[in-house]
There are 2 protein chains.
Amino acid sequence: MTERAPGPTTPKAQLIAEDVRRRILDREWRQGDRIPDEAELAVTFGAARATVNKALQLLADEGLLERRRRAGTRVAVDPARKATFTIPVVREQIEQQGMAYAYRVFGLSQGFAPEAVAERTGVAADMPLLHLQAVHYGDGTPFQFEDRWLNPRAVPGMEAVDFRQVNANEWLVRNAPYLRADMAFSAESADVRDAQLLEIAAGTALLILHRTTWNDAGLITSVRIACRPGHVIRATP
Amino acid sequence: MTERAPGPTTPKAQLIAEDVRRRILDREWRQGDRIPDEAELAVTFGAARATVNKALQLLADEGLLERRRRAGTRVAVDPARKATFTIPVVREQIEQQGMAYAYRVFGLSQGFAPEAVAERTGVAADMPLLHLQAVHYGDGTPFQFEDRWLNPRAVPGMEAVDFRQVNANEWLVRNAPYLRADMAFSAESADVRDAQLLEIAAGTALLILHRTTWNDAGLITSVRIACRPGHVIRATP
DNA sequence: ACGATAAATATGTTTATACATAAAAGCGCA
DNA sequence: TGCGCTTTTATGTATAAACATATTTATCGT
């Protein structure tokens, strides 16, 4: 390996991946080019084919390489630019910034999902759901307003939980593993209720996050989160 | 989640991963529980330890399991909820919806980055950059307004490109592999310029995407993308 | 009890080998 | 030329074996 190791104990497969990445950045291998096959690279790097395979799979998962059986491995022409971000537990996010966390429920009722929610979640219109509206505060300032629909039948024990006392976000994270999830970002102008609960002027631009999760029993929860003005969500590739 | 249907040609490692996932969803193994070690699971599933290892690594990458040497594998108490999305090439995104794509440059000049951009990108204040403002249209309607700063020295050949003719987004995707990237979402009210170029009322809530890429030569480009009102960005876990 | 040290152990990684499989390349025949 | 078949080949996957490494657990000396 002709390579500066980030650490003395970096796995070989990662070193190989870094070397390949460098060659692509240096334009030794250019977009669309076919790179040497695994057997050749194994000789080049003094490694087993399995190790090279692991390294190349890594880069393919990142979108930097495209691999096809028999056809070989190519540098992606149009690298699918993937970014991942982790959905934080709100309380941790707030406390991490050194602020005091608080949570207040503004509404908790049983009812049926409005059409928009029913469509998004796929629940029947006559399925009784829990409707929860709550605000998360950092140092007394509104941080997020969440408008959530919950399906008490999806998770055993949920019916017994009092979401006035217990933070829904955290209870779900701990107790409701999901099979499928959906997430979307958008922007909306604050309506009257948003404005009131976030203590801002109506019409302010808000970052809106919609998140829905399902398990084998169907819908678990669907939530609309309105972030306080100026909030930024970061992602890393 | 790269889920394939369980079938005859599904790799064994994925079948094992699915089985483990199912056991977690069925609460056979609950949040925080330690699950059997690789050797045991190998016997259970009739596979080699390496295969079980691959399956468990997959689930750990997803955030469903937590693994530590010697300490064993546990079901994550607080599964880091990761979501990934791919940054699309705008033209493809528009054409995929069956709309006619158009691109128009509203400004192209040389200059120095304003403070906000310099701070975000880490370029020196006296580094000459290219400033490009352009709008992407779908069927004649503004789709995105991009306000972009480019570093002509980062990529050989960039100086010769006429970004009045060539779509910057696409040229970069094809010619400028990056080493590091940063991305952020936020919401802003449309200012006068946004409003004019997107042909909307000032003050409308806009979804804003900031994206910066670097390679070993430093900054490649930093762009602020203002999406047309109502635009939704979807992510999948 | 306590702290240092040694043993045990679960995961992490690499290797060699084998076979599976998709797709390109070659070939024969109309 | 074009179609269908066979061969070749690069990647995909699984396996057993071995060693590395981080921790926990056990042990011993004080």
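- Comment: A/R22 engages A/D19 in a salt bridge, judged by a side-chain N to carboxylate O separation of less than 4.0 angstrom.
- When rounded to the nearest whole Å, the span between CG of A/L65 and C1' of D/dG12 equals 16 Å.
- Contact annotation: the side chain of B/L209 approaches that of B/I233 to within less than 4.5 Å [non-hydrogen atoms, C-beta and beyond].
- No option in B/T121, B/T212, B/T213, B/D182 other than B/T212 meets the side-chain hydrogen bond (donor to acceptor under 3.5 Å, both in side chains) test with B/S222.
- Rounded to whole Å, atom C1' of C/dT15 lies 9 Å from atom NZ of A/K12.
- Using modelled atom types, one finds no donor on one side chain facing an acceptor on the other under 3.5 Å when comparing A/Q57 with A/D61.
- Between the CG atom of A/N53 and the P atom of C/dA20 there is a distance of 18 Å, rounded to whole Å.
- Around atom CD of A/E28, more than 12 heavy atoms belonging to other residues, nucleotides or ligands sit under 6.0 Å away.
- With distances taken from any side-chain atom of B/T73 to the nucleotides D/dA10, C/dT11, C/dG12, the minimum falls on C/dT11.
- You'll find the side chain of A/F85 stays beyond 4.5 Å of the side chain of B/M183, heavy atoms only.
- Atom CD1 of B/I16 is separated from atom C1' of D/dT13 by 12 Å (rounded to the nearest Å).
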Taking N or O atoms only and anything under 3.5 Å, show me the protein contacts with nucleotides 24-26 of chain C, one pair per line.
residue: C/dA24; atom: OP1; partner: A/R68; partner atom: NH2; Å: 2.6
residue: C/dA24; atom: O4'; partner: A/R70; partner atom: NE; Å: 3.4

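- As judged by a 4.0 angstrom heavy-atom cut-off over every strand, A/R34 is placed among residues touching the sugar-phosphate backbone only.
- Of all heavy-atom pairs between B/I220 and B/A154, the closest is CA-CB, 3.9 Å.
- Atom pair B/R74:CZ and C/dA10:P shows a separation of 13 Å (rounding to whole Å applied).
- Between the side chain of A/R67 and the base of D/dT11 there is no donor-acceptor pair of N/O atoms closer than 3.5 Å.
- Between B/R49 and A/A47, the one whose closest nucleotide on DNA chain C sits nearer the 5' end is B/R49.
- Proximity of B/R21 to B/E62: side-chain heavy atoms (C-beta onward) are separated by under 4.5 Å at one or more points.
- Atom-to-atom, CD of B/E38 to C1' of C/dG12 comes out at 8 Å; the value is rounded to the nearest Å.
- Within the nucleic acid shown, B/A13 comes within 4.0 Å of sugar-phosphate atoms alone, with no base atom in reach, counting heavy atoms only.
- Helix bend of the helix from C/dA1-D/dT30 to C/dA30-D/dT1: the angle between its two end axes, each built from five pairs, comes to 0° after rounding to 10°.
- Of the candidate nucleotides D/dT13, C/dA10, D/dA16, D/dT13 has the atom lying nearest to any side-chain atom of B/P11.
- One atom, CZ of B/R69, and another, C1' of D/dT25, lie 18 Å apart when rounded to the nearest Å.
- Contact check for B/M99 versus B/F143: side-chain heavy atoms found under the 4.5 Å cut-off.
- For A/L41 and D/dG12, the CG to P distance is 13 Å, given to the nearest whole Å.
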